[in-house]
Number of protein chains: 2
Amino acid sequence: MDASTRRGMTVVGPAAQRAAAWIAGCMRSFLPPGHIDALKLADRLEHRQLRQGQIIFTQGTHPDGVWMVRSGELELVAGRGQDRVVVGTLQPCGIAGDVPLLLGKPAVCTVRARTDVQSSFLSAAGFLATLDASPALTRAWLTALAHRHLRAQEAQVRTLHGSAESRAAWLLLREARDSAVTCSQGTLAAMLGMRRQTMNRVIKDFERQGLLRVGYCRLELLAVDRLRQRAQDRA
Amino acid sequence: MDASTRRGMTVVGPAAQRAAAWIAGCMRSFLPPGHIDALKLADRLEHRQLRQGQIIFTQGTHPDGVWMVRSGELELVAGRGQDRVVVGTLQPCGIAGDVPLLLGKPAVCTVRARTDVQSSFLSAAGFLATLDASPALTRAWLTALAHRHLRAQEAQVRTLHGSAESRAAWLLLREARDSAVTCSQGTLAAMLGMRRQTMNRVIKDFERQGLLRVGYCRLELLAVDRLRQRAQDRA
DNA sequence: AAGGCATGGTCAGGGAGGTGACACATTGGA
DNA sequence: TCCAATGTGTCACCTCCCTGACCATGCCTT
């Protein structure tokens, strides 16, 4: 924890300023540009590094704060073993833990670091205090949550119907960063409620058709346009 | 439209007061009790009656306001024909249209009145102005949206896995009002991404086992506890 | 270098659910 | 009162995906 974050609200250290700049970047579409309130939030943040595989909170428990992803990826998991379902992933600027805190209910998902993750942590008290202190941030948070909700609804529409091929193509396009998807085929399957074997069959078909290249825990998308077409067939 | 809603913010008519009481009831878990801001919102509301089957906005268009359900049921639909998917339903206190307005994006679902519906309508401008004017209401709205988001995530977890039986049992429990589900079997099937025939098979099985009674566009749940058990088998 | 563990690749068999079809019931409006 | 639209009930067929199994490969730790 940076000493400058201890000095209170009036004096703001360089770490907090960097954090504020990052937050403003994250919420650039949700906050009036250059709004000073980002600093109020940045001041309460605490940097946290997560190792790959680390679990930050578990299904059925109350998170003790909010995590905001700065780099790396988190995944939201429900169930275990054969019934493991990956409800979603959080890439940079993603937020975890706020919904259970707002509702005072235990989390419905376990949140796990898929890669090493740099994150900003905001304690439960700090989170609620920030919302009370800054209407502009509350409004921005509302918009950010609306964004996540829309994404979840889209996912539901896509996972309810369509062949394994079309759903897989859609998922790959959604999960890609720089035309590459970096997670195991088993995890991809768990995002669509299908089995590893089925996902592997689809992926190898795609590879044979030159749509992508397969590596270890890595898929490189070679023909995004043709994949997009596959995603729309029999939607 | 009530004349009293035209008199401005200072004088509040009885209709607005009734609306405020209703809103306070809806958001009782989200707003500090007795908070005066409910009146600010109630003052902008306009009563709207919807006939069964009426569509209030369509997938791909921009809603011109926010609808809040006072009685009856709305359904959120995506796709058409064979690919029709029912993403969710809104029962009393449900809200439609706010997410697209907040994001400035077109709606991903068509919203349709499943029954005759009494609703309160809030224009787009009124909605945004209300959020700007009342931090407490913004905060309440954030919590209400968190609630919907949690519900959507639960739905996704349940629809990704499990047999037709367990998913159907879960859905019936969720959609029931007073131990009865009032919609067609086709619509129930569309909520789970399955076919009418499959849903019918499951329902008739349930009926043979005494779990429910089948009517025209109506299912009466007779053994909620045993249904709940069915919902957990092979989750 | 070696071992353990996670992941990738593949196959045969079986079953759950989709497909298309048809008859009948119910509802609500002309 | 009749008719069209919508919903219910059921069937035979067939496809797609799950199941369980097995081995190969890549990665990390010791």
Side-chain angles (χ1 to χ4, degrees), chain A residues 51-53 75 77 80-86 112 114-116 159-168 171-172 181-208 212-220 233-235, chain B residues 51-54 75 77 79-86 112-116 159-169 171 181-208 212-220 230 233-235:
Chain A
R51 288 183 309 278
Q52 180 179 10
E75 66 182 19
V77 189
R80 48 180 57 190
Q82 291 288 77
D83 293 333
R84 173 169 168 267
V85 168
V86 177
R112 181 177 162 276
R114 172 179 294 171
T115 63
D116 286 347
T159 50
L160 278 178
H161 263 326
S163 64
E165 276 77 14
S166 70
R167 286 185 292 152
L171 181 67
L172 293 177
V181 177
T182 52
C183 75
S184 75
Q185 299 177 4
T187 300
L188 288 171
M191 292 194 224
L192 294 177
M194 60 174 68
R195 299 300 164 184
R196 181 185 68 83
Q197 294 92 318
T198 305
M199 178 59 77
N200 179 257
R201 173 177 61 77
V202 173
I203 287 177
K204 296 304 279 184
D205 279 350
F206 285 169
E207 188 181 38
R208 275 185 280 273
L212 48 78
R213 187 164 31 222
V214 181
Y216 187 84
C217 282
R218 180 179 181 83
L219 300 173
E220 287 178 61
D233 293 348
R234 293 214 253 163
Chain B
R51 287 184 309 279
Q52 179 180 11
Q54 193 172 341
E75 67 180 20
V77 189
R80 47 180 58 190
Q82 291 288 77
D83 293 333
R84 173 169 169 266
V85 169
V86 177
R112 181 177 162 278
R114 172 178 294 171
T115 63
D116 286 348
T159 50
L160 278 178
H161 263 325
S163 64
E165 275 77 12
S166 70
R167 286 185 293 152
L171 181 67
V181 178
T182 52
C183 75
S184 76
Q185 299 176 6
T187 300
L188 288 171
M191 291 193 224
L192 294 176
M194 62 173 66
R195 297 301 164 182
R196 181 185 68 82
Q197 293 92 320
T198 305
M199 178 59 77
N200 179 257
R201 175 177 61 76
V202 172
I203 286 176
K204 295 305 279 186
D205 279 350
F206 285 168
E207 187 181 38
R208 275 185 279 273
L212 49 77
R213 186 165 30 223
V214 182
Y216 186 84
C217 281
R218 180 178 182 84
L219 299 173
E220 286 179 62
R230 290 313 186 85
D233 294 348
R234 294 214 251 162

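Worth knowing before you read on, the calculation uses all heavy atoms, side chains too, and leaves out hydrogens, waters and symmetry mates. Each chain gets a letter, A, B and so on, in the order its sequence line appears, and its residues count up from 1.
Atom CG of B/Asp205 is separated from atom P of C/dA16 by 12 Å (rounded to the nearest Å). Residue B/Phe206 contributes atom CZ, which lies 15 Å from atom P of D/dG9 at whole-angstrom precision. Going from atom CZ of A/Arg213 over to atom P of C/dG9 covers 14 Å, rounded to whole Å. Going from atom CZ of A/Arg218 over to atom C1' of C/dG8 covers 17 Å, rounded to whole Å. Rounded to a whole Å, the CE atom of A/Met199 is 15 Å from the P atom of C/dT7. A/Arg167 has its CZ atom 13 Å from the P atom of D/dC16, to the nearest Å. Between the CD atom of A/Gln52 and the P atom of D/dC27 there is a distance of 13 Å, given to the nearest Å. Put simply, CG on B/Leu219 is 15 Å from P on C/dT26, counting in whole angstrom units.
Put simply, the side chain of B/Arg112 never gets that close to the backbone of B/Val77: no donor and acceptor are under 3.5 Å apart. Side chain of A/Arg114 to main chain of A/Cys183: no donor-acceptor pair is present (N/O by atom type, distance under 3.5 Å, no hydrogens or angles).
With C/dT7, C/dG17, D/dC17 as the candidates, the nucleotide lying closest to the side chain of B/Ala164 is C/dG17. When each of C/dG9, D/dT8, C/dG17 is scored by its nearest atom to the side-chain atoms of B/Ser163, the top-ranked nucleotide is C/dG17.
Residues satisfying the side-chain hydrogen bond (donor to acceptor under 3.5 Å, both in side chains) criterion with B/Gln197, sequence neighbours excluded, are absent altogether. Here B/Arg195 pairs with nothing under the salt bridge (Lys or Arg N to Asp or Glu O under 4.0 Å) rule; sequence neighbours left out. Partners of B/Asp116 under the salt bridge (Lys or Arg N to Asp or Glu O under 4.0 Å) rule, at least two apart in sequence or in another chain, do not exist in this structure. Applying the side chain to side chain contact (heavy atoms under 4.5 Å, CB included) test to A/Cys217 and every residue at least two apart in sequence or in another chain returns A/Ser184.
For A/Arg80, the CZ atom counts as loosely surrounded, since its 6.0 Å shell holds 12 or fewer non-hydrogen atoms of other residues, nucleotides or ligands.
Contact check, A/Arg201 against D/dC17: a side-chain N or O comes under 4.0 Å of OP1 or OP2. Not one side-chain nitrogen or oxygen of B/Gln82 sits closer than 4.0 Å to the OP1 or OP2 atom of C/dG18. Remark: A/Thr198 is in phosphate contact with D/dC18, judged by side-chain N or O atoms under 4.0 Å from OP1 or OP2. Between B/Asn200 and the phosphate of D/dG9, there is a side-chain N or O to OP1/OP2 separation shorter than 4.0 Å.
Listed by residue number, the members of residues 186-197 of chain A with any heavy atom below 4.0 angstrom from DNA chain D are A/Gly193, A/Met194, A/Arg195, A/Arg196, A/Gln197.
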Taking only Watson-Crick and G-U wobble pairs with both distances under 3.5 Å, what dot-bracket line describes DNA chain D, where [ ] shows pairs that cross earlier ones and | shows pairs with another strand? ||||||||||||||||||||||||||||||
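Inter-residue side-chain proximity for B/Leu192 and B/Thr198 is flagged as unmet; no heavy-atom pair is nearer than 4.5 Å. Contact of the A/Arg84 side chain with the A/Thr187 side chain is registered, since non-hydrogen atoms from C-beta on lie closer than 4.5 Å.
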